[in-house]
Number of protein chains: 2
Amino acid sequence: MKPIPKAVISRLPLYVRHLEDLAAEGVRTVSSGAIARSLGLTDAQVRRDLATFGTFGRPGIGYPVAELGDALRAILGLDRTWQVALVGYGNLGRALLAYGGFPRKAFRIVAVFDTDPAKIGRKAGDLVVEDGRSLAGRVRRLHVPMAILAVPAAAAQEAAWQLVRAGVRGILNFAPVRLEVPDPVVVDNIDFAVSLKQLSFHVRARGGEKMHGSEPRP
Amino acid sequence: MKPIPKAVISRLPLYVRHLEDLAAEGVRTVSSGAIARSLGLTDAQVRRDLATFGTFGRPGIGYPVAELGDALRAILGLDRTWQVALVGYGNLGRALLAYGGFPRKAFRIVAVFDTDPAKIGRKAGDLVVEDGRSLAGRVRRLHVPMAILAVPAAAAQEAAWQLVRAGVRGILNFAPVRLEVPDPVVVDNIDFAVSLKQLSFHVRARGGEKMHGSEPRP
DNA sequence: GAGTGTGAATTCTTTCACAGCG
DNA sequence: CGCTGTGAAAGAATTCACACTC
């Protein structure tokens, strides 16, 4: 099978979400142009991306929403349920546990860890916060393949090593540090500060301070 | 001035953070290779990136940590303080307000909004949650240039329009929707579900389940 | 006509490799 | 030496444009 370009993978989740929205609206079929408009892409790009996985579209008709959605979900591995460990139950950890935006069928948080004695034993949704020291054993026993890391930067690398030793294969890292992990383990980083800084660049670049509710750009 | 490639901009915040770490350790000078190793890049890539902004490096020596950091911060617009409005004070909003990872000098949250009557008037750090209906007026009066949007998906587009009308020029959007905004306004999206889905793809792709005991894929 | 799939052209990004400075 | 800056080459991603299908 072809090797699926990185750029395509980064857009796949967007296609899946949009197709789910369409399906929920009862739409049966959609064109590359319509998808492109909704997602801020071009029609050609959408067609190229989707052609990576096979021939789904029908000329003059478009793409079958349900079928294409299923196919893309399968490719992303969303046709199963991933057990996820949440490491770190501070403000962010709590927000993530309560976050409604995760596809509930595909991802389920099955354990929560923290090292703060004041937090251990407290309820966390329908789970209980467990001692971070038991992380390795618990994660291995539960065969948890993925973890969300929401601990302070200083604790992140150590936690990552424990997760790796416990057999975790993917880490969604919210700590603002580059994690070192052995080769087969995948890390995806979400760094709020990085995103804010990029935003500040773009805002500044767009004609600076002079305007506030006013004029356009040449 | 040259137009600064997108790819470079996306890495700039990482350079800045790393240079700040180095400065805090008292390092005066650093080579492209060393930066590359810390950030998971190649030395050539680092040199190319940094050469975009001028000639900072000295052959045989490397780059001056403090000076380069200052220059990059200035390019990102981090040499000033950005007032930021936080829209949405649910779990995520609370986590973001309390989040310690933002550069405190560069970004300051100056107002918090929510539409839930139960939240309005409650303390939020050293601020008070304000009525979402007063958002437009308050944001315009304060000349807030950037906003963090942490409201449910269904409310995001409406909130974005209000922000835009109030003169906001950049939005960091946590809602899982594509916001439509007029041209001069910049949106940066952080979508947890998107990141998790990408992770699931990569984990699945790396030799599947055999490694520790989950089920296989046909 | 509406809308796909795809070679070919274009643009963007990364890597190579090396001349030349400190 | 060690290390930068940069032309030139290679590799990716995007866009164009068009033959072809419903």
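We name chains A, B, ... by the order of the sequence lines, and we start the count at 1 in each one. All values below come from the heavy atoms of this structure, side chains included, with hydrogens, waters and symmetry mates left out.
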Asks: Please answer whether the main-chain N or O of Gln157(A) pairs with a side-chain N or O of Glu180(A) as donor and acceptor at a distance below 3.5 Å.
Replies: no
Asks: Below 4.0 angstrom, which residues in residues 26-35 of chain B have at least one non-hydrogen atom near DNA chain D?
Replies: Ser31(B), Ser32(B)
Asks: Considering only heavy atoms of chain B and a distance under 4.0 Å, specify the first and last nucleotide of DNA chain D in 5' to 3' order that meet this criterion.
Replies: dG2(D) to dA8(D)
Asks: Both Asp49(B) and Ala51(A) contact DNA chain C. Which one's nearest nucleotide lies toward the 5' end?
Replies: Ala51(A)
Asks: Look up atom CZ in Arg169(B) and atom CH2 in Trp82(B), then write down how far apart they are to the nearest 0.5 Å.
Replies: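 Output value for this atom pair is 7.0 Å.
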Asks: Return the CD to CG distance between Glu158(A) and Leu179(A), rounded to the nearest 0.5 Å.
Replies: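 One gets 11.5 Å once the value is rounded to the nearest 0.5 Å.
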Asks: Can any side-chain N or O of Ser200(B) pair as donor or acceptor with the backbone N or O of Leu196(B) at less than 3.5 Å?
Replies: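 No, Ser200(B) side chain to Leu196(B) backbone: no donor-acceptor pair under 3.5 Å.
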Asks: Start with the C-alpha gap between Arg108(B) and Thr81(B), add the side-chain angles, then the distance that decides, and say whether side chain to side chain donor-acceptor pair (under 3.5 Å) holds.
Replies: CA-CA 7 Å; Arg108(B) 178 186 299 206; Thr81(B) 298; over 6 Å; no
Asks: Would you find a donor on one side and an acceptor on the other, under 3.5 Å apart, between the side chain of Glu20(B) and the backbone of Gly69(B)?
Replies: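 No, Glu20(B) side chain to Gly69(B) backbone: no donor-acceptor pair under 3.5 Å.
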Asks: Nucleotide range of DNA chain C contacted by chain A, 5' to 3', under 4.0 Å to a heavy atom?
Replies: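 In short, chain A contacts DNA chain C from dA2(C) to dA8(C).
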Asks: Return the residues of residues 57-64 of chain B meeting this criterion: a heavy atom under 4.0 Å from some atom of DNA chain C. Order them by number, or give none.
Replies: Arg58(B), Pro59(B)
Asks: If you assign Gln45(A) and Phe56(B) each to the DNA chain D nucleotide with the nearest heavy atom, which residue ends up on the more 5' nucleotide?
Replies: Phe56(B)
Asks: Just checking Arg94(A): does its CZ atom have more than 12 heavy atoms from other residues, nucleotides or ligands closer to it than 6.0 angstrom?
Replies: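 Yes.
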Asks: Just so I know, are the side chains of Arg73(B) and Val16(B) near enough to count as touching, which here means a heavy-atom distance under 4.5 Å?
Replies: yes
Asks: Taking atom CG of Leu41(B) and atom CZ of Arg11(B), what is their separation to the nearest 0.5 Å?
Replies: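 Atom-to-atom, Leu41(B):CG and Arg11(B):CZ are 6.0 Å apart.
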Asks: If a pair satisfies side-chain hydrogen bond (donor to acceptor under 3.5 Å, both in side chains) and one of its residues is in residues 183-195 of chain A, list it, with sequence neighbours excluded.
Replies: Asn173(A)-Asn189(A), Asp191(A)-Arg17(B)
Asks: By the ring pair (Phe, Tyr, Trp, His ring centres under 6.0 Å) test, which pairs, at least two apart or in different chains, include something from residues 83-103 of chain A?
Replies: Tyr99(A)-Phe102(A), Tyr99(A)-Phe192(B)
Asks: Centre of Trp161(A)'s six-membered ring, under 6.0 Å away, within 45 degrees of the axis: is that where NZ or CZ of Arg165(A) sits?
Replies: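 Arg165(A) over Trp161(A) ring: no.
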Asks: Less than 4.5 Å apart, side chain to side chain, heavy atoms only: is that true for Tyr63(A) and Leu19(A)?
Replies: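 Counting from C-beta outward, Tyr63(A) and Leu19(A) never come under 4.5 Å.
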Asks: Judged by each residue's nearest nucleotide on DNA chain D, which is more toward the 5′ side, Val8(A) or Arg47(A)?
Replies: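 The residue whose closest nucleotide sits nearer the 5' end is Val8(A).
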